Amino acid sequence: MLKPRWQLFAIAALLIAAIVGFILFLNRPQTPIGTQPLLPSPVTNVHLTMGLPSEATSNVANADDFLIADNSRPYAISYNNSKHIPNWSSWQLNKSWLGTVPRSNDFRSDPSLPKGWYQVKSSDYNGSGYDRGHLTPSADRTKDLQTNSATFLMTNIVPQTADNNRDVWEGLESESRRLVNTGKELYIIAGGIGEKGAIGAQKISVPSSTWKIIVVMDKPNSKASDVSEKTRVIAIDVPNIQGIKDKTWRDYRLSVDALEQRTGYDFLSNVPEAIQTVIESKVDQG
Ligand code: MN
Ligand code: MN
């Protein structure tokens with residue numbers, strides 16, 4: 001009588017142990033698939049083909065060098081949340097960006113800025129005496145309405161004097177599109193240096209000068225590795241003042257090296273160092 005009961009108890013205990021063991025096995029910690037943590041993806045934006053000029057990142061903590069380079073935007077910018085203007089804009093220009101749509105003229109706040117940041121309004125410039133100066137020009141983005149309209153976001157705008165914006169600066173913008181219409185592809189970077197004042201209650205910074213670099217490539221879809229020692233590079237730095245109407249962009253040419261000194265940036269950083277050394281030391285004569 002006693003012996004079979006004891007055996008039954010032993011079998012039940014073994015069964016319970018097996019079930020508990022099986023449940024523990026099912027709930028075992030999962031082995032991760034791939035042991036590498038996810039790395040941030042490299043910047044592959046076409047407008048940054050020649051490299052990032054600054055340490056810009058899209059981290060909200062990096063508020064004064066904040067990278068906006070989503071693929072829906074037809075240019076890449078570094079925004080400065082203290083100055084309320086872009087530090088620089090960078091864009092590709094070839095025939096594929098040019099069409100026939102009219103200037104949309106819809107200057108407006110950029111809702112894509114991080115929560116809590118002031119969104120500069122078009123009206124903030126009213127009565128300031130300064131133009132709403134595009135870094136990436138409206139006329140470089142005429143293939144469709146949406147693309148053109150993106151250039152009127154206030155994060156692409158800096159306060160520019162009329163003589164700078166409408167004469168000297170505009171002259172090189174027109175020359176750029178003339179080059180593109182001969183089949184060239186351009187990689188352009190533009191921004192401001194210094195501060196000669198500020199406008200409005202939000203103290204929107206007015207740069208002392210506006211600079212631009214243009215890398216002239218022979219054909220569309222060029223890469224940084226296609227840049228050679230013979231590649232034409234145009235660099236200018238134009239004082240943001242009145243009274244320069246009788247000057248042209250050619251009067252304000254300088255070397256990229258000189259501009260790197262003035263801005264603290266490293267331009268064309270994706271171009272091999274030995275080639276940068278050659279092309280950045282020359283002043284355009286074209
Ligand atoms: Mn302009
Ligand atoms: Mn450089």
Side-chain angles (χ1 to χ4, degrees), residues 48-56 75 77-78 85-86 88-91 93 102-107 122 125 128-142 148-177 187-192 206-207 209-215 224-225 227-229 231-242 244-245 248-249 252 254-284:
L48 296 168
T49 295
M50 295 300 159
L52 257 182
S54 62
E55 306 282 299
Y75 51 86
I77 63 169
S78 159
I85 54 170
W88 51 259
S89 180
S90 188
W91 67 103
L93 183 59
R103 188 182 158 94
S104 71
N105 235 21
D106 53 344
F107 288 102
S122 176
Y125 281 55
S128 69
Y130 287 96
D131 283 3
R132 296 166 186 85
H134 285 76
L135 289 184
T136 301
S138 161
D140 279 10
R141 293 293 183 257
T142 52
N148 181 261
S149 177
T151 68
F152 289 88
L153 289 167
M154 294 304 288
T155 45
N156 178 46
I157 302 296
V158 299
Q160 243 179 334
T161 63
D163 282 5
N164 178 356
N165 179 34
R166 302 176 205 180
D167 287 273
V168 181
W169 195 254
E170 200 284 326
L172 185 53
E173 289 177 342
S174 293
E175 175 63 9
S176 302
R177 291 185 292 271
Y187 286 95
I188 312 175
I189 316 154
V206 181
S209 66
T210 55
W211 54 265
K212 179 175 275 185
I213 294 171
I214 303 176
V215 181
S225 55
V227 176
S228 79
E229 296 177 357
T231 299
R232 183 180 180 195
V233 179
I234 303 166
I236 60 166
D237 189 18
V238 185
N240 199 17
I241 55 173
Q242 286 291 80
I244 53 172
K245 251 184 144 120
T248 82
W249 61 269
Y252 295 108
L254 75 176
S255 68
V256 172
D257 280 342
L259 209 46
E260 287 187 337
Q261 289 243 298
R262 292 185 192 181
T263 58
Y265 295 147
D266 178 11
F267 298 111
L268 320 182
S269 55
N270 283 356
V271 174
E273 200 67 56
I275 293 170
Q276 279 186 65
T277 303
V278 175
I279 62 176
E280 293 184 353
S281 65
K282 293 188 275 195
V283 177
D284 176 62

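Not measured: the values here are computed from a predicted model. We count ligands from 1, going down the list as the structure has it; atoms in each ligand are counted the same way. Computation of the quantities below employed the complete heavy-atom set of this structure, encompassing side-chain atoms and omitting hydrogens, waters and symmetry-equivalent molecules.
One of the N, O or S atoms belonging to Q276 lies under 2.8 Å away from the Mn ion (ligand 2). Look at V271 and the Mn ion (ligand 2): no N/O/S atom of the residue is under 2.8 Å from the metal. Coordination check, N165 versus the Mn ion (ligand 1): passed, since an N/O/S atom of the residue sits under 2.8 Å.
Annotation: F267 is in aromatic contact with W211 [ring centroid separation under 6.0 Å].
Side-chain contact between I244 and D167 is absent, with no heavy atoms from C-beta onward closer than 4.5 Å. Y187 places none of its side-chain heavy atoms less than 4.5 Å from the side chain of W91. Side-chain contact between V158 and L135 is present, with at least one heavy-atom pair separated by less than 4.5 Å.
Here the N, O or S atom of E280 that is nearest to the Mn ion (ligand 2) is OE2. Taking the Mn ion (ligand 2) as reference, E260 places its N/O/S atom OE2 nearest. Considering just the N/O/S atoms of D266, the one nearest the Mn ion (ligand 2) carries the name OD1.
Relative orientation of the H134 and F107 rings is tilted, given thresholds of 30° and 60° on the angle between their planes.
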